[in-house]
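None of these values were measured; they are calculated from a predicted model.
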Amino acid sequence: TALSLLIFTACLLKNDQTAFKTILGVLIICIGAMVVAFVFGEQIANFANESVLKDRLAVQYYDTSRFADIFRAMDRILTNPFGVGPMQSWYVYRYEPHNTFIVLSMHSGVFAGIAFTVLYFAAIFRCLSKVIGQHEGWLKYAYVLAILLGLFVLMNVVSSLHWRHMWLVMGLAYGTYRCNTVC
């Protein structure tokens, strides 16, 4: 989320028409965050010390095994370059790597993994070039770019092939937008 917001804010700052509104919005959010931190600082600190950090460290072993599964899957891809079949890794190997690119390559083969990766990064590149070049509809491409970058981070730790909105957002990247309004 933070990466998506940072990229989207940078895109808005690039255009003269939206730069002032963006700076004003960022300042309002920062002032609001400082007010909340000042008023509720002690409760936030107690909450963070007592539960969030302690709970997160208690389940760290889960992430360690998850990343080990990803590396094991990479070895399996080399031994089965044409895949083991759609959604079959749990039945064949008794684990499911939580990385979209690895899962697709493991299930459907190396060529499917490469094709998906090219399609995904082409969508990102298309949005980025439209925003940088300030082409028609650049604001809508900036929205899509921010979502795609946020999804990319998630796709590396969660298998997202079943996420319908991922496919929808990828399709939006290839759309043609003629105006810079939100709707």
With no hydrogens and no angle check, is any side-chain donor or acceptor of Y120 less than 3.5 Å from a backbone partner on F101? no
To the nearest 0.5 Å, what is the distance between CD on Q134 and CG on L139? 9.5 Å
Could you state the interatomic distance from CG (L104) to CD1 (I77), rounded to the nearest 0.5 Å? 9.0 Å
Are W167 and Y174 close enough that their ring centers fall under 6.0 Å? no
For a quick test of reading the model, state the closest non-hydrogen atom pair linking C127 to V144 and the distance between them. SG-CG1, 3.7 Å
Report the relative orientation of the aromatic rings in F152 and F121; use parallel for angles under 30°, tilted for 30 to 60°, perpendicular for over 60°. perpendicular
Interatomic spacing from CG in L151 to CD1 in I124 - rounded to 0.5 Å: 9.0 Å
Give, for atom CD1 of I132 and atom CG of L145, the distance between the pair rounded to the nearest 0.5 Å. 8.5 Å
Between the side chain of N80 and the main-chain N/O of G83, is any donor-acceptor distance below 3.5 Å? no
Shortest non-hydrogen pair, L78 vs P81, comes out as O-CD, 3.8 Å
How many angstroms lie between atom CG of D69 and atom CE of M74, to the nearest 0.5 angstrom? 13.0 Å
Using the rule that Ile, Leu, Val, Met, Phe, Trp and Tyr join whenever any side-chain heavy atoms are under 4.5 Å apart, tell me whether V103 and I114 fall into a single cluster. yes
Shared hydrophobic cluster, V36 / V39 (ILVMFWY, side-chain heavy atoms < 4.5 Å): yes
Distance col, row F71:CZ vs I102:CD1, nearest 0.5 angstrom, shows 9.0 Å
Would R72 and D75 pass as an ion pair if we require N to O under 4.0 Å? no
Close side-chain approach of T100 and N156, heavy atoms under 4.5 Å: no
Any side-chain to backbone donor/acceptor pair from R126 onto G175? Under 3.5 Å, distance only. yes
Any donor-acceptor N/O pair, S108 side chain to S105 backbone, under 3.5 Å: no
Would V118 end up clustered with V110 when hydrophobic side chains under 4.5 Å apart are linked, directly or stepwise? yes
Is there a side-chain contact between M155 and M166, using heavy atoms and a 4.5 Å cut-off? yes
Beyond-backbone contact of L119 with M170, side-chain heavy atoms, under 4.5 angstrom: yes
